[in-house]
Visitor: 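My structure is below; once you've seen it, I'll send some questions.
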Amino acid sequence: MPKITAAKTIVTSPGRNFVTLKIETEDGVTGIGDATLNGRELAVESYLSEHVIPCLIGRESHQIEDIWQYLYRGAYWRRGPVTMSAIAAVDMALWDIKGKIAGLPVYQLLGGACRTGVMVYGHANGETIDETLAAARDYQALGYKAIRLQTGVPGMAGTYGVSKDKLFYEPADSDLPKETVWSSEKYMRVVPELFGRAREALGWDVHLLHDIHHRLTPIEAGRLGKDLEPYRPFWMEDPTPAENQAAFRLIRQHTTTPIAVGEIFSSIWDCKQLIEEQLVDYIRATVVHAGGLTHLKKIAHLAELYGVRTGCHGATDLSPVAMAAALHFDLSIPNFGVQEYMRHTAETDAVFPHAYSFADGMLHPGDAPGLGVEIDEAAAARHPYRRAYLPVARREDGSMHDW
Ligand code: CS2
Ligand code: MG
């Protein structure tokens, strides 16, 4: 079995920051994993180079589960986004290596394809409802079967989910956190109007999604979900912060609008109650922030028992390496729901050449051995790290809210 002989991190910023782990075996086979944690990139980089890489050298690259257990249990300090993103990067890189040695795409190692492709959703957004609907029509023209709708709230500059670029979403864009203003009352008035107008303009054959971005209380989320029911949204995402999983019971008592949650979760323990009590319909944990393919499979298998489907996070701040890994995963699990797909810039795609491709609203990971994505280190070196923070949100009286 090929031993790990070298590993290193590569930090690059082709339009935004990405941290990548590259592992090499004694046979010269290399594998890569995404370790990007938006706004906290160098914490994961240092966790990997200072604490994880020295423990990897000499280990058998094929022993993916054992290495996962070694890094998780061996740290003593369990869970959390920094630890779990670092473990995820190792895990992805080892699946990549195993696939390359086997001559098979990773989805074949995970059990083979359960579907012909992966339905994805893109972000249609704009400062006004008209702009959002125009963007949604553009997504429809590109073949998307599922579209997320976000719009600016009148009187509140800098609403989350509204971006300058139409195909990319980049909220981490300042050297220190930007301050934005929030009013749940104003927001809750505009979203039902957006969805009503969207059904008139776009029809009923397209799935429409919406992200609340942890902004509401449970009872407010119940109200918004009820107001949206006539427009049959595919889901409302992150209705309320999820540290208190039991809080979702209150939302469930008031609305049949499906709920998606989990883009900031780092382990199965963050969603165990949500899944077992069927308090959510879609689990959005990702391969990069929730411990890699090895751990995400366990979350998906638990979800399968309770009729919960997956809807993995796939914003622009997850690198093409994480996107490729997500697609292999999505193709191979029975309870896949939808995959978020925010495109990367041309600079990012040039740094990470990849085999996955988009057609008719679906992505396919391709059939290259391993994950099917590489890193061009010379191109990466041309884009040095730049500190960039996500914004913060304050209510109109100046008190802190959840961004
Ligand atoms: C968003 C994210 O894609 C989503 O659903 O909630 O874009 C999120 O804001 C960023 O990934 C934060 O890094
Ligand atoms: Mg979200």
Side-chain angles (χ1 to χ4, degrees), residues 13 15-19 34-44 81-82 84-85 88 120-125 132 135 139 144 146-151 158-174 177-178 180 182 187 191 207-216 221 224 233-242 258-266 270-271 280-290 310-323 326 337-345 348 387-393 401-403:
S13 191
R16 69 148 9 269
N17 293 319
F18 294 111
V19 180
D34 184 20
T36 308
L37 184 62
N38 201 2
R40 295 292 184 272
E41 293 86 358
L42 298 186
V44 188
V82 175
M84 297 306 275
S85 300
V120 298
Y121 72 90
H123 293 198
N125 63 78
T132 302
Y139 275 101
Y144 281 77
I147 303 171
R148 177 182 118 154
L149 301 176
Q150 306 292 143
T151 195
T159 310
Y160 72 89
V162 178
S163 56
K164 295 185 290 287
D165 300 298
K166 289 304 170 205
L167 288 171
F168 321 110
Y169 177 56
E170 188 46 88
D173 60 355
S174 58
K178 256 187 204 152
T180 61
W182 180 252
Y187 161 78
V191 182
H207 298 301
L208 298 179
L209 295 75
H210 181 69
D211 188 357
I212 301 174
H213 222 266
H214 328 268
R215 294 295 171 99
L216 299 180
L224 183 64
F234 185 89
W235 78 30
M236 60 175 182
E237 174 187 337
D238 288 333
T240 199
I259 298 173
V261 75
E263 68 182 37
I264 66 168
F265 290 174
S266 48
D270 295 328
C271 49
V280 295
D281 302 278
Y282 296 91
I283 182 71
R284 281 177 52 70
T286 66
V287 68
V288 48
H289 302 133
T310 66
C312 291
H313 189 202
T316 307
D317 53 286
L318 285 76
S319 92
V321 186
M323 179 54 69
V338 70
Q339 168 70 50
E340 182 178 14
Y341 175 45
M342 285 308 288
R343 291 169 191 244
H344 292 107
T345 61
T348 300
R387 189 173 68 184
Y389 283 94
L390 289 166
V392 296
H401 199 66
D402 301 293
W403 183 77

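Numbering of ligands and ligand atoms starts at 1, following listing order. All residue numbers in this chain count up from 1 along the given sequence.
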Visitor: Could you identify the N, O or S atom of Asp211 positioned closest to the Mg ion (ligand 2)?
Guide: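 When I compare the N, O and S atoms of Asp211, OD2 is nearest to the Mg ion (ligand 2).
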Visitor: So does Lys178 get a backbone contact from the side chain of Tyr389, meaning a donor-acceptor N/O pair under 3.5 Å?
Guide: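 Judged by distance alone, no pair lies under 3.5 Å.
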Visitor: Nearest heavy-atom pair of Val338 and Phe234: which atoms, and what distance?
Guide: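 Scanning both residues completely, I find the closest heavy atoms to be CG1-CE2, 3.7 Å.
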Visitor: Whether the side chain of Ser319 engages the backbone of Val321 through a donor-acceptor N/O pair (distance < 3.5 Å, no angle test) should be reported.
Guide: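 A pair under 3.5 Å: yes.
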Visitor: If you measure from CG on Asp211 to CG on Leu149, what distance do you get to the nearest 0.5 Å?
Guide: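 Nearest 0.5 Å value for the CG-CG distance: 11.5 Å.
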Visitor: Test of geometry: compute the angle OE1(Glu263)-the Mg ion (ligand 2)-OE2(Glu237) and round it to 10°.
Guide: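 Output for this angle: 90°, rounded to tens.
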Visitor: Measure and list all N/O to N/O distances between ligand 1 and the protein that fall under 3.5 angstrom.
Guide:
| from | atom 1 | to | atom 2 | distance (Å) |
| --- | --- | --- | --- | --- |
| ligand 1 | 3 (O) | Glu340 | OE1 | 3.2 |
| ligand 1 | 3 (O) | Glu340 | OE2 | 2.4 |
| ligand 1 | 5 (O) | Arg148 | NH1 | 3.0 |
| ligand 1 | 5 (O) | Asp211 | OD2 | 3.1 |
| ligand 1 | 5 (O) | Glu237 | OE2 | 2.8 |
| ligand 1 | 5 (O) | Glu263 | OE1 | 2.9 |
| ligand 1 | 5 (O) | Arg284 | NH2 | 3.1 |
| ligand 1 | 6 (O) | Asp211 | OD2 | 3.0 |
| ligand 1 | 6 (O) | His213 | NE2 | 3.1 |
| ligand 1 | 6 (O) | Glu263 | OE1 | 3.0 |
| ligand 1 | 6 (O) | Glu263 | OE2 | 2.6 |
| ligand 1 | 9 (O) | His213 | NE2 | 2.9 |
| ligand 1 | 11 (O) | His313 | NE2 | 3.0 |
| ligand 1 | 11 (O) | Asp317 | OD1 | 2.8 |
| ligand 1 | 11 (O) | Asp317 | OD2 | 3.2 |
| ligand 1 | 13 (O) | Asn38 | ND2 | 2.9 |
| ligand 1 | 13 (O) | Asp317 | OD1 | 3.4 |
| ligand 1 | 13 (O) | Asp317 | OD2 | 3.0 |

Visitor: Please identify which of these residues, Thr36, Asn38, Asp173, meets the side chain to side chain donor-acceptor pair (under 3.5 Å) condition with Arg16.
Guide: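 Exactly one candidate clears the test, Asn38.
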Visitor: Say you draw a straight line from CD of Glu340 to CD of Glu263; how long is it, rounded to the nearest 0.5 Å?
Guide: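 Output value for this atom pair is 7.0 Å.
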Visitor: For the pair Ser85 (side chain) and Ala35 (backbone), establish whether a donor and an acceptor sit closer than 3.5 Å, ignoring hydrogens and angles.
Guide: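 Checking the backbone N and O of Ala35 against the side chain of Ser85, no donor-acceptor pair under 3.5 Å is found.
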